[in-house]
There are 2 protein chains.
Amino acid sequence: MTRRTTDIPAPPWRTGKRPVRQPLSQDAIVAAALRLLDAEGLDAVSMRRVAQDLGTGPASLYAHVANKDELIELVLDEVLGEVVDEAERVAAASDLDWRDAVRTVTRTSRRAMQRHRDIARAAMVGVPLGPNGLRVSEAYLGILTGAGLPDQIVAWGVDRLSLYVTADVLEGAFYRNRGFRNESDARRYWTQVGDYLRSLPPDRFPHTVRMVDAMMTGDSDERFEHGLDMILDGLARHLP
Amino acid sequence: MTRRTTDIPAPPWRTGKRPVRQPLSQDAIVAAALRLLDAEGLDAVSMRRVAQDLGTGPASLYAHVANKDELIELVLDEVLGEVVDEAERVAAASDLDWRDAVRTVTRTSRRAMQRHRDIARAAMVGVPLGPNGLRVSEAYLGILTGAGLPDQIVAWGVDRLSLYVTADVLEGAFYRNRGFRNESDARRYWTQVGDYLRSLPPDRFPHTVRMVDAMMTGDSDERFEHGLDMILDGLARHLP
DNA sequence: ACCTGAACACCGTTCAAGT
DNA sequence: ACCTGAACACCGTTCAAGT
């Protein structure tokens, strides 16, 4: 009565398992979360959506990550993986001026985070402690130590530099993620803001009204470099 | 058969309206949201909870605020209201050194945001454009202009200064809000982080291992002042 | 050990209906 | 004009049950 027969082998494509889905793993979960982040932003990275993309339910993820916060931390460290090589290369290049070395590492970090929507929201938590985050920190510490700065200035300097890069990306991410999709939407918004500021009563907001153009000048890259130069100047004052 | 009688006046406490609940208004909604923020943090400020605290349903709020984002913006401006007086006083005090004036305004902003949990998350969006935010910005612009800095440096300087203050508060808010409630919880966490960093392989993380103590040195106030001094030094280089 | 369905206790926003 | 109940389409996390 049973249809099971042992005299002929089962066809090789009949594995007896579920379709093609690869088994769940932390790497697969992080990869799916990163895809979701890139496609739709950090708010779209929910346990439910990640699970769905992996063909399972949200409860299944909890065997591989403690909770959503931990998952996002892992995604952030994955992103910082894109910075490690360049950071370590620059830290090892002893011929490079320390200012240029810092500029290169900060720019590389900034670009990496910018490539991944509003992931910077997850980095606003002090120095990242994942394996890749630690390697980037180590590179910073090496560069500033090599410059001849005292340990205390180096330690605090890296803290403030990381904070600055993250804050800059985060501020920019807001405009990229929310409100408007394309560049002309953004321009229209800023024109509106400028017009509004110019329309303020000049007796109560004299400086604001006068400086609207100066405030609107420069793209986000210029502002970033300007702030970075301020920090570098501040650091340089502590050279012996 | 009806119990309505017109020959005797209704008792004065019988208004014919619902109990005592004050009518809904934007101010009442913002006040309720602020109470919720202070009591339980920004994540607790949901349209549903705010409505509940006002004795109504979430849908009723949409007659007075466009959406949750707008409500949070209004709450932020309410908080910045705590900064306006001091900022304008300092900006008007012509005898004050511009560095000290900037220090005072940034410290006042920082303290105000620190008093309200993780409200800084809402400020990470460029210069706030609410009435109180604009008055604080105007004060900054006045102080830096009075210092003799060129317009472009002033405009970008205020942008970077605001960003710095917000980022610093936001970083600190993470540790205050998440993970642990009291000071000894925080100390235990940092001890753990320090121990972990010290345990890293010294050949791959020589600077990290060596500088653990320097990285742990100083409370958040000292770090803030250190970073602020770096920015002020960076600004001062642009004085004629 | 890993995975699952179902449930719990939540979200922001819309909309037709009421006053 | 303002307010409401109900609904829609979501959340993170837990837990008993399965393999």
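The sequence lines fix the lettering, A, B, ..., with proteins before strands; numbering per chain opens at 1.
Taking only side-chain atoms of A63(B), from C-beta outward, the nucleotide of dC2(D), dC3(C), dA7(C) with the closest atom is dC2(D). Listed nucleotides: dT13(C), dT13(D), dT4(C). Nearest to the side chain of T56(A): dT4(C).
One can place CG of D69(A) at 7 Å from P of dT13(D), the figure rounded to the nearest angstrom. Rounded to a whole Å, the CG atom of L42(B) is 15 Å from the C1' atom of dG12(C). The nearest whole Å value for the distance from the OH atom in Y62(B) to the C1' atom in dA1(D) is 19 Å. In this structure, D43(B) places its CG atom 12 Å from P of dT13(D), rounding to the nearest Å. Across the protein-nucleic acid pair, L61(A) atom CG and dC11(D) atom P stand 12 Å apart, rounded to whole Å. L54(B) places its CG atom 13 Å from the C1' atom of dC3(D), with the value rounded to the nearest Å. N67(B) places its CG atom 8 Å from the P atom of dT14(C), with the value rounded to the nearest Å. Residue M47(B) contributes atom CE, which lies 10 Å from atom P of dT14(C) at whole-angstrom precision.
When each of A44(A) and A59(A) is assigned the nucleotide of DNA chain D with its nearest heavy atom, A44(A) is the one assigned upstream, toward the 5' end. For the pair V45(A) and H64(B), both in contact range of DNA chain D, the more 5′-proximal nearest nucleotide belongs to H64(B).
Under 3.5 Å, the side chains of E138(B) and H207(A) contain a donor-acceptor pair of N or O atoms.
When heavy atoms are screened at a 4.0 angstrom cut-off, S60(A) is found touching base atoms of the nucleic acid.
A salt bridge links R223(A) with D159(B): the distance from a Lys NZ or Arg NE/NH1/NH2 to an Asp or Glu carboxylate oxygen falls below 4.0 Å. With salt bridges taken as basic N to acidic carboxylate O contacts below 4.0 Å, one links D43(A) and R121(A).
When both distances must be under 3.5 Å, the Watson-Crick or G-U wobble mate of dG18(D) is dC2(C). The nucleotide dG12(D) finds its pairing partner in dC8(C), both defining distances of the Watson-Crick or G-U wobble pair being shorter than 3.5 Å.
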Q) Yes or no on side chain to side chain contact (heavy atoms under 4.5 Å, CB included) for V83(B) and R135(B), after CA distance, side-chain angles and deciding distance? A) CA-CA 9 Å; V83(B) 185; R135(B) 288 171 72 181; over 6 Å; no
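Taking the P atom of each, dA9(C) and dA9(D) are spaced 23 Å apart, rounded to whole Å.
Of all the heavy atoms in V50(A) and A32(A), the pair that sits closest is CG1-CB, 4.1 Å.
Regarding contacts with the backbone of dC11(C), a side-chain N or O of S46(B) is found under 4.0 angstrom from either OP1 or OP2.
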